[in-house]
Peer 1: 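Would you mind keeping the following structure in view while I ask a few things?
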Amino acid sequence: MRVLNPDELTLEIAAIPAGSTVAISGAGGGLLEPEAILQRFETSFLDTGRPKDITLIHALGMGDRSEKGTNRFAYEGMVKRVIGGHWIWSPRMLRLAQQNKIEAYCLPSGAITNLFREIGAKRPGLFTHVGLGTFVDPRFGGGRCNEVTTEEIVDLMEIDGKEVLRYRPFPVDVAIVRGTFADQLGNISASEEPADLDSYSIALAAKNSGGMVIAQVRETVSNGEIRPREVSIPGNLIDFVFVDPDQSQTYHGPYDLALAGLGPREAPIFAGGSNDIVRQIVARRAAVELIKGATINFGFGMSAGVAEHIVRAGENSDYWFTIEQGIHGGDLLTGDLFGIAANPIAILSASEQFDLYSGGGLEQTFLGLAEMDKMGNVNVSHFGGQISGPGGFIDISQGAKNVVFCGSFDAKGSKFKLADGKLSITSHGQVTKLVDAVAGITFSGLEAVKRGQSVKYVTERAVFTLTSEGVELTEYAPGVDLRRDVLDRMGFSPVVRNPALMDSKHFAPVSEIEIGPIKVPA
């Protein structure tokens, strides 16, 4: 292991051969993101034109929607191919994909993370059910995002009479990871970071592929100062260390040890709620589905309102919270810091967390709903002809025993009033979300029926249940006309037997308790 100064790091980056495969670890909001190294990659390319034609791989979304993260690589000629789990944090890279300037793949975050592990172990790829029936399945596109992307990197196979997907392995030439500390042996500790993510798996994949591993840390320490159980990547996997003394814990500022589970917060959390009528109705109704004692995952977006409902009700201890970044328990943060928790009770690697999900260890999940169709398929990854990536959505939704999708019935322009426990629709949305066929399948209703999952779809004016006969309308809001406001505004005809009225308590006016700030003590 050698500690590099800025000039030496620049030389090493410029010397990376054209066509190399570069894997980076990190997540949205700057979580475990080696930003100082990524910035050097950008500077090197702009100054020298090197490295060029690289394949960039990242499991989770990285960036600030502007310049940081994978945005640093978003130049024609710098990258030839990108394999990403989530692209929404990097609009510049998305544009390159839309313009067919790069080859682009979107794969489930968990599949990418665990594929790194398989590559490091020299196994013949990742064999899994994750992705079957979705846009990642070769029968539905194989995760390819544009016209210039033609190579198949996912295979459909049959093992013991069951369909599985094989995510093909590839050599990793360069791994870029981050920790808090490095000792003189090169051992890396992420002890003051909010997560470990897939840093070890990425480093292992590069080292056993004959590649190099560069780690960014905040500071170096003497041998013995890192306790053995605090080592996240052993020094024999590390080639170079770059020290950034100004390294922030996230984009939002300096280190807060509570986010790493190492102590109480220095200041209390104030979390303000939303007075959006739709969000509140959906959260109230979806919360009815909560299973006490369950291991639960909450997705980004409207489904996070259910987690907020639990916090406001003081019922945190009734459930075991998890996030795909590897977090268990704690006070979940929202917005672009989603994936981090204050005062977590356990932090695992993302690889281990996705194993928990894939194996069925997740009893319940609440996820977003951008589109759904007559087969019960859900789309949260395809918008306006572009693919933004599923993140952990596919891994989570396929592994959970009980799935509750949360979203508005329509979009763009819908307006409502609440009175006397009823919902009054004053203006319908211009965009239909319950369509005949979704733009892209991020969740397969057919596969869910095969797996025997319990699936519900909760909107502000109707609740649906997935059955072997298709999507059944089981409840509708008091105050709406079932035909005019629900059935006639859908792109398909659901199964209708004897739908009940949704409980009027869900349509009470939004209270100060629901929208006032939550104070989580320091």
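Worth saying up front: this structure is predicted, and the values here are computed from it rather than measured.
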Peer 1: Would Glu35 and Arg72 pass as an ion pair if we require N to O under 4.0 Å?
Peer 2: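 Yes, this pair counts.
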Peer 1: Could you please spell out the steps behind the side chain to side chain donor-acceptor pair (under 3.5 Å) verdict for Glu33 and Tyr251?
Peer 2: CA-CA 9 Å; Glu33 183 179 301; Tyr251 292 153; 2.6 Å; yes
Peer 1: Do Asp436 and Lys374 sit within salt-bridge range, that is, some charged N less than 4.0 Å from a carboxylate O?
Peer 2: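 Salt bridge present between Asp436 and Lys374.
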Peer 1: Would you say Gln247 and Tyr255 are linked by a side-chain donor-acceptor pair, where the criterion is simply a distance under 3.5 Å?
Peer 2: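 Result is yes, a qualifying pair exists.
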Peer 1: Measuring from atom OG of Ser109 to atom NE2 of His58, what distance do you get when rounded to the nearest 0.5 angstrom?
Peer 2: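 Answer rounded to 0.5 Å: 9.0 Å.
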Peer 1: Minimum heavy-atom separation for Ile24 to Leu38, with atom names?
Peer 2: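 Looking at all heavy atoms of both residues, the closest pair is CG2-CD2, 4.0 Å.
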Peer 1: Can a salt bridge be assigned to the pair Glu460 and Arg279 using a cut-off of 4.0 Å between side-chain N and carboxylate O?
Peer 2: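 No, this pair does not count.
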Peer 1: Contact between Leu197 and Gln325 at the side-chain level, heavy atoms closer than 4.5 Å - yes or no?
Peer 2: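 Yes, side chains in contact.
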Peer 1: Between Glu193 and Arg178, does at least one N-O distance fall below 4.0 Å, as a salt bridge requires?
Peer 2: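 Looking at Glu193 and Arg178, the cut-off is met.
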Peer 1: Which heavy atom of Thr70 sits nearest a heavy atom of Ser90, and at what distance?
Peer 2: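 Looking at all heavy atoms of both residues, the shortest contact is OG1-CB, 3.1 Å.
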Peer 1: Is Arg218 salt-bridged to Glu192, cutoff N-O under 4.0 Å?
Peer 2: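 Between Glu192 and Arg218 there is a salt bridge, with a charged N closer than 4.0 Å to a carboxylate O.
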Peer 1: Could you tell me the separation between the CZ atom of Phe116 and the CD1 atom of Ile57, rounded to the nearest 0.5 Å?
Peer 2: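 Rounded to the nearest 0.5 Å, the CZ-CD1 separation comes to 5.0 Å.
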Peer 1: Determine, for Glu472 against Lys456, whether the closest basic-nitrogen to carboxylate-oxygen distance falls under 4.0 angstrom.
Peer 2: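 Here Glu472 does not pair with Lys456 in a salt bridge, since their nearest N and O are not under 4.0 Å apart.
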Peer 1: Which residue pairs satisfy the salt bridge (Lys or Arg N to Asp or Glu O under 4.0 Å) criterion with at least one member in residues 131-147, sequence neighbours excluded?
Peer 2: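 Found Asp137-Arg139, Arg139-Glu163, Arg144-Glu152.
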Peer 1: Test your reading of the model: is there a side-chain donor-acceptor pair from Asn71 to the backbone of Trp89, 3.5 Å cut-off?
Peer 2: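 Yes, because the side chain of Asn71 sits within donor-acceptor range (under 3.5 Å) of the backbone of Trp89.
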Peer 1: Taking all heavy atoms of Ala111 and all of Asp395, pick out the closest pair and write down the distance.
Peer 2: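 Answer, listing the atom of Ala111 first, then Asp395: N-OD2, 3.3 Å.
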Peer 1: Please report the closest heavy-atom contact between Ser303 and Gly368, naming both atoms and the distance.
Peer 2: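 Heavy-atom minimum between the residues: OG-N, 3.7 Å.
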Peer 1: Would you give the length of the straight line joining atom CG of Leu487 to atom OH of Tyr476, rounded to the nearest 0.5 angstrom?
Peer 2: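 These two atoms lie 10.0 Å from each other.
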Peer 1: Is the shortest side-chain N to carboxylate O distance from Asp410 to Lys433 below 4.0 Å?
Peer 2: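 No salt bridge links Asp410 with Lys433.
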Peer 1: Does some side-chain heavy atom of Phe443 sit less than 4.5 Å from a side-chain heavy atom of Gln453?
Peer 2: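 Touching, per the 4.5 Å side-chain cut-off.
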Peer 1: Could you go through the side chain to side chain contact (heavy atoms under 4.5 Å, CB included) check for Arg451 and Lys401 one step at a time?
Peer 2: CA-CA 9 Å; Arg451 288 190 294 267; Lys401 298 178 178 70; over 6 Å; no
